[in-house]
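Before any comments, here is the structure.
Just so we're on the same page: letters track the sequence lines, and every chain starts at 1.
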Amino acid sequence: MNEILKIRLKTIARGIMITDFKSLIKMLSFIFVVSVFLYFNYFIFYKIFVFLLRTEEGIGYSIAQRLTSIMFSIFFLMLFMSSIITSITTFFRTPELEFLFTTPIKTEKIFFIKLLENGIFASWATMILSIPLMFAIGNAFEFGGFFIFKAIILFISMVFIAVSFGLAIVFFFSEFFRKHSLGTIIIVIAIALLSVLAVVFFMKSPDLFNLPRNANLYNVEKYIASLEVEQFKYLPSGIIINMIFDKSQQNSNITNILLLFAYIISSIFLTIISMNLYKNKYISYEKTILKSSIHANRMNYPTFFKNSRIALLMQKDMLAFLRDPSQWGQSATFLLLLVFYGISVVRSPIYFKSPFYTYILAFANLGFSTYIMATLSVRFIFPLISLEGRTFSLIRSSINVRDYFNAKIVFNFLMISVLGQVLVIGTNAFLNIDNVVVIVSVAVTFIISFGITIINTGIGAILADFTETNPSKIASGFGGIVSAITSLAYIGICLGILSTPTRTYFEYTFKKIPFNNMYFLYAIIFVFALTVLLFTLLYIAGLNSLKKRNV
Amino acid sequence: MEEKAKTSLKIENLTKNYNKTTAVKNLSLSLEGKDIFGFIGPNGAGKTTTIKCIAGLLSHQSGVISINGKDSKLFGDLSKKRIGYVPDTPFLYDKLTGREFLYFVGRIYGMKEADIEKEIEFYSKQMEFSDYMDSRTEEYSHGMKQRIVIASAFIHNPDILLVDEPMVGLDPKSSRIVKDLFKEGAKENRILFISTHTLSLAEELCTKIGIMDKGSLVYFGSISELKDKIKKENLEDIFLEITSKNE
Ligand SMILES: Nc1ncnc2c1ncn2[C@@H]1O[C@H](COP(=O)(O)OP(=O)(O)O)[C@@H](O)[C@H]1O
Ligand SMILES: [Mg+2]
């Protein structure tokens, strides 16, 4: 067997080996937390689908299919992007390569191991989201037991296609990747992807406006059916969605199978070419970027709050964030996907003239936006304190820990709430909803931003890991998952509290019964009280653990 | 083929650019078995770059590096058995123990189980790591790691051993151990190529030295010749004098 593979397996085994009672407990709680997380994701998706399927007129089915199609396209683009970013590191920058390339191990073997690693690194985040999603689809649509098997195989082929195409791009344009910093590379890729999306969007949009606003339901449904996966029909994600939902039409099934097959063959082909280029690409790639750009000193910038320590700390965080491409590169990816999401939401209501569906969409949007806020915070906010690393002792010896903690909270809150408000207000503005719903959404988003901030900052302080330097790893560790679950549970409870008045509101508006807005106020007060409670608890616990921490 | 001709390393007009910066300019030198070569120069002089080119980890724009008369560009993966490389930051697999890492390296180089065991036995005594080699390398200090990595390079008995800044961050004891190993490691069929920015090491160990400055080799020869030439006893002064002339 391959020696390097053996080492990998041994490393994993050592990482999870149970040697004493403490590690047993740690292991068990980790398994527990991960299962709860997966189940929670499943539960949310399942509820959404069941809810949609229950709506009259069968429109729900189309929306559900459309929603999954959008999500799979997002997954595919995410996989593709992360494959590009991770393969630069796995194939060219890892210190291990220097060791491996001086040994007599064959280049093909090194390539193979790295390919496997790259696939795992690039896809684990998507896996965690999509496996529960696929189970939810299978159960909600009652596709039967064989479905999951089929879906997982299809999904794995999608991962393989995305990863090998991403890899091929890195290999074919390695001259470019070599000459530019990771930052520039990510910007260029993002711009390229954005322009592709823009072109697709503009090419499709004339179609959109052709829809008569007052068509009857039958027409609307036909229209949706024709649009369903239209936009990304030829992406592997589109093909897979077609295959998942396709039950009858034999013809399209064969076309899909052939298309998927063509994708897989070209992926294999690209991978083999890359393998043969690997050695030469590696030795002409300069591994350490010693000379990045020269930075003007921005630490002594005359800030408005010149004497405030909090402002100084926030400034430091901002600089560190902007100069670390692995940090903002991923946020750029997410932002791109959010634009994509926004476009999809904005486009949807045109098919539904009934205000009823607009409200459903508004509520779903609130749910989805807060869900995105929670996920993003776990990735970006939670690791911030751990990332302080060894310098934390410096901070503690020179600055009041409370000031430090407050600065973190303010900074994180600003980032999260701006993101949340842009998402919620931006999409609601296009939905043409009445002001009550908009005000409620804004207020709720504001409060929830606060809750999510304190969860991720507080738990980030309590479970800080000052030894790890890779933010993705910190986020996917034990603390990150605890944080993710707490955030999701918190959002779930908040949305649960809100769902009662919302449902009544929809019903009353639909039946034209006057609605007492105080119901919303009560719900908001509930959510607010919950958040204050959470804030107090986590603030005290987080601050205390930072004070006691020995680094 | 198996008769052991004396190992040789010959570099002719090696030039390496990174984008715009020239890291190594027209470097030529030649070494043969039993040489302990001290490759001296301040930070950024181009030592690491040269070593990586020899190890086949970096491509170079022009010049020829030949090992035993054969252009290193034509070397296949298997010919790498002849070269050992110790990077400036030691690389080890975190979750493995030192002993396991040495085993791993031995296996990669196709050594027999019994030989690996014998070598590990020998080096663990010589370099005094037997009491920690069975714990995981993530718990090691820098000096402990460095000793394991150096042993791993010696274990497969390379003809050319490239060592990049081995003394950085070592405590006096570790540094003594490493120096002794180098002294005893010199033999007919082996070239020891050691880069350093501290002169004491070169003075103590090396039979030949080369002084690098801003990518060029400004001196190549033996220490005693150099001392004769510049008529200063202290190598430190010589070094400073040579490297400041090029300002
Ligand atoms: N990957 C790289 N990209 C760009 N420039 C580099 C890279 N590696 C080294 N350099 C530059 O090449 C020169 C020589 O560096 P190096 O060989 O590391 O020197 P030394 O090992 O003697 O300290 C320096 O000017 C350094 O800035
Ligand atoms: Mg160096």
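A perpendicular orientation is assigned to the rings of F99(A) and Y93(B), their planes being inclined by more than 60° (bins at 30° and 60°).
Of the two parts of V149(B), neither the backbone nor the side chain holds a non-hydrogen atom closer than 4.5 Å to a non-hydrogen atom of chain A.
With rounding to the nearest 0.5 Å, the separation of OG1 in T103(A) from CZ in F104(B) is 7.0 Å. Remark: F91(B) CZ to T102(A) OG1 distance equals 10.0 Å, nearest 0.5 Å. In this structure, OG on S284(A) lies 12.5 Å from NE2 on H60(B), to the nearest 0.5 angstrom. A distance of 12.0 Å separates CZ of R107(B) from CD1 of I105(A), quoted to the nearest 0.5 Å. The OH atom of Y282(A) sits 8.0 Å away from the CG atom of L58(B) when rounded to the nearest 0.5 Å.
Residue F112(A) qualifies as open at atom CZ: its count of foreign heavy atoms under 6.0 Å is 12 or below.
Minimum interatomic distance between L57(B) and F101(A) (heavy atoms only, all atoms of both residues): CD2-CB, 3.6 Å. Nearest heavy-atom pair, E98(A) versus P87(B), reported as atom, atom and distance to 0.1 Å: OE1-CB, 4.0 Å. Closest heavy-atom contact between P104(A) and I108(B): CD-CG2, 3.7 Å.
E117(B) meets the salt bridge (Lys or Arg N to Asp or Glu O under 4.0 Å) test with no other residue; sequence neighbours excluded.
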